[in-house]
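First up is the structure itself, then whatever we jot down about it.
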Amino acid sequence: MKTGKDYLTSLRDGRKVYVHGARVDDVTIAPGLREPAEEIARGYDRFFDPAPGAYHPMFEVPRSAEDLRARIKMVFEADFTAFNSAACLALLGARGALRAADPVYVERIERFVARCRAEDVRIAEVISDAKGDRSLPPSRQADPDAYLRVVERRSDGVVVNGAKLHITAAPFVHELVVMPTKRMKAGDEDYTIAFSIPANAPGISMVTVTHAPRGDDVRHFPVSRRYAIPQAMVVFDHVFVPDDAIFLNGEIELSAAIAHSLGLWERLSGLAQMAEHADMLTGLAHLISEANGVSRAPHVADIIAHMAMYATITRANLEASLTQAEITEDGMAKPNELYVNAGKYYAASEYVLMVRHLHDVAGASVVTSPTMADLDNPDIGPFVEKYMKGAQGFESAHRMALFHAIRDLTADVLAGWHLGSNISAGGGLMAQRLVTRNQYDMQAADRLGWSAAGLAPGADG
Ligand SMILES: Cc1cc2nc3c(=O)[nH]c(=O)nc-3n(C[C@H](O)[C@H](O)[C@H](O)COP(=O)(O)OP(=O)(O)OC[C@H]3O[C@@H](n4cnc5c(N)ncnc54)[C@H](O)[C@@H]3O)c2cc1C
């Protein structure tokens with residue numbers, strides 16, 4: 001396994017990364033990128049095991065509901081690239097469909113996952129195309145590169161052009177796992193391509209946005225210092241992909257198999273994170289109401305009860321998605337699609353209301369609290385201490401720390417990122433409605449409807 005130091009060294013591999021309009025030579029020291037790189041390095045160290053053959057649990061294939069639960073716990077303890085390891089599970093989960101097309105794809109996938117595990121690499125899930133005019137299919141776009149495509153076929157591989165957008169952690173990983181973003185139709189064969197490629201392969205550039213804390217005082221950014229995850233536009237300019245790294249090549253009927261499989265794992269991660277955040281928001285609301293001396297006010301207790309209900313329903317969906325897991329023909333446990341999609345949709349849709357509740361309970365210091373450095377200042381600190389005092393028994397410093405956690409999580413750069421991320425990451429809300437509609441037992445619901453109307457099931461239609 002790699003240590004954090006090995007990991008940071010491995011990123012100095014000539015990868016082409018841009019941030020704020022400038023090329024970055026070393027992502028491990030560039031402002032805004034250094035922090036996430038160091039966070040991942042700490043994650044490597046937390047899980048380091050020198051024993052020969054040891055590997056990170058993110059590469060463990062879940063075989064039961066209990067394994068899935070353990071995976072979720074592990075993802076929270078690991079660094080944020082652990083979420084991305086779902087791409088390996090998605091590839092393995094798509095084996096059933098791919099085997100029928102060509103068993104060689106399955107062999108390559110299994111070799112790739114074994115290599116990720118053996119070399120302790122980190123991967124990015126590279127799916128969302130630029131997409132151009134959303135109303136047109138890939139092959140009818142004004143710019144033929146609006147969706148990533150094969151521009152040349154050689155005896156030993158293919159050459160691809162295009163860009164994938166919003167790619168989480170791309171500048172910090174070793175391998176990019178590329179797959180089609182949606183179901184392709186006849187004429188879209190060149191767009192039906194899935195493969196893995198090293199992040200420093202010739203022709204790849206990454207245009208990165210960072211939401212890293214804008215100051216070094218970690219007390220001011222207690223949440224974002226751990227969870228600020230950069231995304232990147234990954235540009236492929238005539239990139240050669242050798243045959244051995246290709247997992248799908250032109251079979252349009254299978255174009256959605258891997259992405260659909262990944263969507264499920266992505267939304268499970270999203271749901272798990274939202275369940276965690278729901279409890280965190282509720283805890284923050286409760287603690288700050290105590291620090292403010294209003295926890296017993298009926299309207300505040302009512303708001304906090306509402307937040308606790310949101311947290312409980314979100315977690316109930318997560319639990320149901322695990323206990324109702326399906327075991328695939330390859331023996332892998334897959335979370336239940338209905339509960340994952342309905343739960344993720346519900347949690348994302350109601351999140352803004354929970355933030356409103358939290359801000360309502362907490363008050364204006366969420367956005368105006370002096371910093372902890374102000375508290376340290378010998379001239380002004382005593383006044384800050386005096387006037388940031390809330391309820392008896394709560395130290396001003398602790399009350400301020402709560403305000404900074406609330407701001408960092410719900411009212412600052414990371415908060416804006418969360419709002420957008422909750423809605424779009426893992427596929428937009430519409431995708432979750434579609435899957436829910438497909439998975440829901442509508443016939444059973446219809447039978448109840450007929451019965452409520454006093455009619456025999458299927459009386460008409
Ligand atoms: C924080 C974050 C992290 C992400 N990480 C990754 C990642 O690691 N890898 C990755 O591949 N992607 C990632 N994504 C991208 C995410 O999967 C996409 O944002 C999502 O799939 C939606 O695509 P889009 O943003 O292009 O929106 P659009 O597809 O443009 O959707 C916008 C709206 O248009 C509607 N719409 C779109 N097409 C049509 C149509 N044909 N007809 C009618 N209506 C339509 C949609 O329903 C939606 O309401 C990430 C996104 C975020 C916010």
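All heavy atoms count here, side chains included; hydrogens, waters and symmetry mates do not. Read the numbers this way: they start at 1 and go in the same order the structure lists the ligands and their atoms.
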*Check each atom of ligand 1 against the heavy atoms of S424 and keep those under 4.0 Å away; list them by number with element.*
16 (C), 17 (O), 18 (C), 19 (O), 20 (C), 53 (C)
*May I ask which of M179, R134, R433, E266 has a heavy atom nearer to atom 38 (N) of ligand 1 than the others do?*
R134
*What's the shortest distance from atom 24 (P) of ligand 1 to any protein heavy atom, and which residue and atom give it?*
K131 NZ, 3.6 Å
*Output yes when the distance from some N or O of ligand 1 to some N or O of G428 is under 3.5 Å, and no in every other case.*
no
*Closest candidate by heavy atom, reference atom 53 (C) of ligand 1, pool A124, S135, G132, S421*: S421
*Which residue holds the protein heavy atom closest to atom 47 (O) of ligand 1, what is that atom called, and what is the gap in Å?*
M430 CB, 3.7 Å
*Do F112 and F247 have their ring centres less than 6.0 Å from each other?*
yes
*Protein heavy-atom partner closest to atom 25 (O) of ligand 1 - residue, atom, separation in Å*: H166 NE2, 3.7 Å
*Among all protein heavy atoms, pick out the one at the shortest distance from atom 2 (C) of ligand 1; state its residue, atom name and that distance to 0.1 Å.*
A425 CB, 3.9 Å
_Let's go through S224 and H211 carefully: what are the C-alpha distance in whole Å and the side-chain angles of both, what is the deciding distance for side chain to side chain donor-acceptor pair (under 3.5 Å) to 0.1 Å, and is it a yes or a no?_
CA-CA 8 Å; S224 58; H211 311 92; over 6 Å; no
_I'd like to check which ligand 1 atoms, numbered from 1 as shown, lie under 4.0 Å from a non-hydrogen atom of I167._
7 (C), 8 (O), 9 (N), 10 (C), 11 (O)
*From the options T168, D133, N422, select the one whose nearest heavy atom is closest to atom 8 (O) of ligand 1.*
T168
_4.0 Å heavy-atom contact, E125 with ligand 1_ = yes
_Just by distance, no angles: are the side chains of W265 and E125 close enough, under 3.5 Å, to form a donor-acceptor pair?_
no
_Distance under 6.0 Å and angle within 45° of ring axis: R226 vs F80_ = no
*asked:* Checking side-chain polar atoms at under 3.5 Å, does R140 have a donor or acceptor matched by the opposite partner on S135?
replied: no
*Tell me: protein heavy atom nearest atom 12 (N) of ligand 1, and distance?*
S128 OG, 2.8 Å
